[in-house]
Amino acid sequence: MLDQTSPAPVPDIDPERAAILAASALPELLPVALPDDPLGVTIHRLSNGLTVYISPDAAAPRVTAWIAFRAGSRHDPPHSTGLAHYLEHMMFKGTARLGTLDGGAEAPHVAAVAELYDRLGAAVDPAARATILADIDRATQACAALAIPNEVDRLYAQLGITDVNAFTSDDMTVYSADVPAARLATWAEIEADRLQQPVFRLFYPELEAVYEEKNMALDAPDDRLDEAMRLALFPGHPYGTQPTIGSTEHLKTPAYGEMVAYHRRNYLPNNAAILLAGDVDPATALPALERAFAGWRPAPLSAPAPGDLAGPRGRVVHELLADGEQSVTLAFRTVPIGHPDEPALRLLERVLGDEVGGLVAARLLLPQRLPDAEVYGALMNEGGYLAFTGVARDGQSLADVERLLREVITAARDGAIAQDDLDAAVLHETLDAQGDLENGERRVEQMLEAYTGGRPWPVHVRRLDALRALTPADLARVARTYLGDDVVVVSRRRGRFAPPEIEKPQITPVAIDPTRQSAYAREVLARPVDDPPAEQLLPDRDYVRKDMSCGPLIAARNSRSELFTLILRYDLGTRRRPLLGHAAGLLARSGVRDGEQLLDAPALQRRLYALGTEIDVDVDADRTEIVVNGIDRNMEASLALLDAWLAGPVFTDAVLADLVANTLSGRRDEEDDPDDLAAALRDWAAFGDASPFLTRPSDKQLRRAKGPELVAELRALRDAAHVSLYFGPRPADVAAAALVLGQGRPVDPPPPLRYRSVAAPTIFFLHKDVAQARIDIVLPRPPQPVGERPRAELLGHVLGGDMSGMAFQEIREARGLAYHAGAHLDLGDRLGDDAALVGSLGTQCDKAGGALALMLDLLRTSELAPDRVAAARLALLREYASERISPRSRPGWVQSWADLGHLADPRLAAAQTIRTVEPAALQAYLAEFAGTAPIVSVLGDRKRVDLDRLRALGEVHVVTPSTLFSHAR
């Protein structure tokens with residue numbers, strides 16, 4: 001139910017407006033859902049040309065609400081790349097009435113910043129630029145005297161609106177949120193204001209956040225590879241020449257005026273669509289949307305500058321240096337969205353690249369000719385591509401990797417794809433479409449694809465029919481047509497990459513005052529609204545518990561489709577069974593004896609794929625999960641194969657030898673990859689020798705492990721007692737008859753989580769040539785009583801629950817010291833686990849010491865302002881009121897509550913505690929953690945990280961990668 005329901009008249013459209021809308025390539029209206037559309041989508045138009053897609057689903061009193069613009073980085077000016085992305089950041093700064101105490105008084109200072117940036121763009125002399133930047137800083141401080149940073153995010157949180165975010169890509173910019181149904185009209189009102197009339201306040205500090213995001217891309221070899229590949233595929237077109245995040249050179253001089261012009265040119269109602277999925281009724285939603293957005297005037301759309309779509313000719317080679325794995329990528333130009341060959345290319349990508357049943361998996365991965373490989377592509381509005389990446393193991397040449405990839409491509413061109421391959425791929429596309437029904441975000445993604453791609457909804461709905469009509473000859477034809485001699489080859493070789501440095505201006509911190517609130521936000525929060533009653537899951541109504549011989553079952557019904565998911569959860573992992581993960585890797589590459597028939601690994605995977613089944617085994621330090629997804633009618637057949645597979649995997653000595661070789665090669669890459677190193681450093685700093693990374697077998701143990709030993713590990717897992725979490729169309733009693741697996745031998749619970757003990761602040765530093773330092777902080781405490789969890793949740797929300805949290809506000813928004821800054825309380829996943837106050841930062845290496853010092857001060861000495869506590873309390877309570885756990889997620893939630901000692905849904909009691917916790921009690925709880933010695937991990941470049949600054953904060957221990965992994969033990 002909306003908070004504003006009175007009807008609003010739709011004004012007549014004058015001839016000039018009608019002409020503008022007629023020239024805007026607007027989607028066709030669809031006032032009544034198509035009879036064969038399971039999403040029930042209708043398409044409407046507001047008087048200003050703003051299109052509205054609606055997919056109703058009353059499963060929860062919430063609405064997934066996105067607003068999409070058909071403009072992205074492809075529409076950037078070529079001399080100012082990254083502009084669309086920068087604008088996306090600035091759209092959260094507010095309006096003349098939101099995000100400021102006095103929009104009128106602030107306006108001259110905002111205008112002064114704009115004028116100074118125009119002067120900066122024309123300045124060449126370094127001294128003159130420094131003077132202008134200092135003037136920009138002073139003008140920014142004048143704005144800051146009136147600004148309320150992140151009030152948009154704080155207001156949304158207090159309204160119960162979650163998942164507030166945005167993203168930019170080549171052809172689109174999208175703003176997303178998850179909105180309580182009762183707040184949809186208010187959300188529309190706020191969005192209409194900020195999209196039409198944004199105020200670009202605090203532009204200067206936001207520049208640091210964009211620098212940080214660029215550093216993240218520079219540290220990610222995959223991002224650099226993608227940029228190089230796209231440039232070679234589209235050498236004369238913005239798809240290749242204009243990376244979404246922007247070039248380093250353009251980021252040095254952000255074009256404020258160009259950004260304003262981009263907004264005026266592209267942020268128009270006749271260039272946008274509202275996409276809604278959830279508890280929304282067009283009869284009440286559309287009048288509310290018309291009221292909110294009617295003042296947004298349409299204007300003629302200007303076509304972006306044309307790009308040269310000529311692609312590569314012959315073999316175009318590019319090489320990049322990076323840490324970690326070595327690989328080869330082969331990329332081919334294909335077609336834009338809407339091309340007649342689009343369906344065949346989409347299906348070809350799935351048939352070749354599906355992780356379970358694809359040709360690459362069958363011919364390269366399961367035979368272990370490559371340790372890893374993938375197929376991926378993109379279809380944009382003006383062009384597309386299909387790419388193949390293969391990873392080399394140690395000693396394998398990149399020429400050999402390319403040869404193996406080309407073998408698969410040649411096979412596709414020569415007609416190796418059979419009708420059963422097509423049938424299985426179409427079946428899985430159908431299952432994906434059924435899965436879309438359960439999730440508001442996936443519903444919206446379907447509407448987004450149709451809108452931004454200019455595809456009529458009836459055509460989109462029947463996309464599966466287009467796939468079903470394809471033949472093996474169609475796929476062979478498009479393979480021959482597009483996977484030819486014109487190819488981009490990107491070789492990733494080991495070597496040091498020196499990221500370009502961006503000279504950073506001096507930015508005076510912006511004062512953050514949590515007591516500030518705009519009059520508009522105060523008025524919005526005072527509006528009466530009927531929040532729905534909070535949900536409480538009840539046994540035998542929302543889920544069923546049953547005892548089986550192999551362990552307990554928790555089941556929930558799927559009333560939407562024929563899909564089932566079964567999760568078998570074992571309290572066994574590599575801490576107690578070091579070879580279990582290795583055995584699971586062997587299982588994935590093994591076959592099985594099915595009756596009298598022997599299926600090798602590719603044949604087994606093809607059998608499962610044809611059944612519509614996927615089986616995944618995940619082993620960590622203390623838990624193993626086997627996840628089975630499939631179709632109800634094939635559940636017994638799928639589980640019979642799983643049972644036989646665990647009891648008697650079929651493999652050769654060569655398969656095991658190749659697995660060891662690929663695993664060892666992957667370990668060498670892991671010791672060189674910044675993301676893997678940061679994770680291993682974090683866990684070793686926090687847990688010492690109990691780090692999960694140290695529970696894995698050593699290289700020597702891997703080499704010594706024999707096949708029978710690994711088979712015994714799998715059989716012991718099969719026969720161990722476990723929890724079965726079932727979601728599917730069968731009643732629990734009926735499902736249970738098919739779900740008994742193994743003998744159910746008792747298993748002791750895993751040991752409780754324990755953090756490292758230190759007597760004084762301790763910092764573990766690991767050198768890596770990276771642009772951005774990764775910092776993690778832990779302040780550990782003994783296990784906490786169950787009743788403390790609501791208080792911990794509230795405190796965590798105050799510190800870092802969203803973009804209005806203290807860590808984000810003080811570190812990123814006020815000072816530009818980091819791109820990522822977050823904090824929360826972690827009380828563990830099970831009774832008896834240690835608790836910890838946890839913080840994390842992603843920051844430029846030369847700012848690591850300052851960012852860490854500030855974060856430690858925030859965590860240890862902060863006074864919790866009553867206004868912050870009140871805002872966090874309101875946000876959490878409104879989120880609790882409209883939160884609904886989907887049937888698919890219920891078994892997992894029920895089990896997680898049981899792990900914490902809750903025999904029933906604890907959310908109502910938690911909400912009551914949150915409602916009554918006083919700020920003083922929250923401050924005292926923070927003080928308990930603040931009194932412990934922090935444990936810090938820092939991954940960064942020692943040439944740019946000030947180690948003396950770190951030593952002033954704690955005792956610094958320099959570690960090496962060999963310390964973090966079990967490989968050499």
Side-chain angles (χ1 to χ4, degrees), residues 226 229-230 233-234 239 311-312 328-366 370 372-390 402-433 449 453 455 459-460 462-490 602 605-606 609-610 612 614:
D226 181 73
M229 178 189 72
R230 293 276 293 263
L233 286 170
F234 299 94
Y239 287 160
V328 173
T329 296
L330 307 180
F332 303 85
R333 279 283 297 276
T334 57
V335 301
I337 292 172
H339 189 280
D341 284 340
E342 177 190 348
L345 283 164
R346 287 186 183 273
L347 195 59
L348 177 66
E349 180 182 343
R350 178 144 207 164
V351 170
L352 292 174
D354 192 283
E355 293 180 1
V356 177
L359 259 65
V360 166
R363 297 187 174 217
L364 301 181
L365 297 182
L366 290 173
L370 292 177
D372 197 11
E374 64 174 333
V375 182
Y376 59 96
L379 298 177
M380 290 87 72
N381 288 348
E382 298 171 60
Y385 65 88
L386 189 63
F388 301 74
T389 294
E402 181 175 348
R403 178 184 61 79
L404 292 172
L405 292 174
R406 287 187 177 276
E407 280 185 15
V408 176
I409 294 168
T410 300
R413 289 167 52 90
D414 292 346
I417 298 171
Q419 185 62 49
D420 58 349
D421 297 316
L422 266 69
D423 293 343
V426 172
L427 172 62
H428 283 265
E429 290 282 345
T430 304
L431 299 181
D432 289 347
E449 181 181 331
R455 180 178 289 115
V459 175
H460 186 82
R462 298 181 181 107
R463 65 195 182 282
L464 291 177
D465 293 338
L467 299 183
R468 294 185 184 104
L470 295 168
T471 67
D474 293 321
L475 269 63
R477 178 187 61 78
V478 293
R480 288 192 298 271
T481 301
Y482 301 104
L483 308 182
D485 296 331
D486 298 331
V487 59
V488 170
V489 182
V490 184
Q605 294 302 325
R606 286 171 64 87
Y609 198 62
E614 295 181 5

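The basis for the numbers below is simple: all heavy atoms, side chains too, and nothing from hydrogens, waters or symmetry mates.
Between the CG atom of L470 and the CG atom of D465 there is a distance of 11.0 Å, given to the nearest 0.5 Å. Atom CG of residue L386 and atom CG of residue L345 lie 7.0 Å apart, to the nearest 0.5 angstrom. Here the straight-line distance linking atom CG of L405 with atom CD of E374 works out to 10.5 Å at 0.5 Å rounding. Remark: L475 CG to R413 CZ distance equals 13.5 Å, nearest 0.5 Å. Rounded to the nearest 0.5 angstrom, Q605 CD and L366 CG are separated by 5.5 Å. One distance of note links CG of L347 with CG of L352; it measures 9.5 Å at 0.5 Å rounding.
Salt bridge annotation for D420-R606: present, with a cationic side-chain nitrogen under 4.0 angstrom from a carboxylate oxygen. Using a 4.0 Å cut-off between charged nitrogen and carboxylate oxygen, E429 and R350 count as a salt-bridge pair.
Residues L364 and F388 fail the side-chain proximity criterion, which asks for heavy atoms closer than 4.5 Å. Between P312 and R333 there is a side-chain heavy-atom pair separated by less than 4.5 Å. Contact annotation: the side chain of E407 never approaches that of T410 to less than 4.5 Å [non-hydrogen atoms, C-beta and beyond]. You'll find the side chain of Y385 reaches within 4.5 Å of the side chain of M229, heavy atoms only. Two residues are said to be in side-chain contact when any heavy atoms from C-beta on lie closer than 4.5 Å; Y482 and L348 fail this criterion. When side chains are defined from C-beta on, I417 counts as touching L422, because their heavy atoms get closer than 4.5 Å. The side-chain heavy atoms of T329 and V489, taken from C-beta on, include no pair separated by under 4.5 Å. The shortest distance between side-chain heavy atoms of E402 and L330 falls below 4.5 Å.
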- Before giving the answer on side-chain contact (heavy atoms from CB on, under 4.5 Å), spell out for Y239 and N381 the whole-Å C-alpha distance, their side-chain angles and the decisive distance to 0.1 Å. CA-CA 10 Å; Y239 287 160; N381 288 348; 3.9 Å; yes
- Hey, mind stepping through D341 and R477 against salt bridge (charged side-chain N to carboxylate O under 4.0 Å, His left out) and telling me if it holds? CA-CA 10 Å; D341 284 340; R477 178 187 61 78; 2.7 Å; yes
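The two atoms that bring A610 and A424 nearest to each other are CA-CB, 4.3 Å, heavy atoms only. Counting all heavy atoms, side chain and backbone alike, V487 lies closest to G484 at CB-O, 4.4 Å. Residues P472 and A418 approach most closely at CG-C, 3.9 Å, considering heavy atoms.
Contacts of F332 classified as ring-ring contact (aromatic ring centres under 6.0 Å, His included), with partners at least two apart in sequence or in another chain: none. With sequence neighbours left out, the ring-ring contact (aromatic ring centres under 6.0 Å, His included) criterion links Y609 to H428. Qualifying side-chain hydrogen bond (donor to acceptor under 3.5 Å, both in side chains) partners for E342, counting only residues two or more places apart in sequence or in other chains: R346, R455.
Residue-environment remark: CD (E355) stays at or below the threshold of 12 foreign heavy atoms within 6.0 Å.
Under a 3.5 Å cut-off, the side chain of R363 and the backbone N or O of V360 do not form any donor-acceptor pair. Between the E382 side chain and the P336 main chain, no donor and acceptor come within less than 3.5 Å of each other. For the pair D414 (side chain) and A411 (backbone), a donor-acceptor distance under 3.5 Å is absent. Without hydrogens or angle criteria, D354 side chain to V351 main chain gives no donor-acceptor distance under 3.5 Å.
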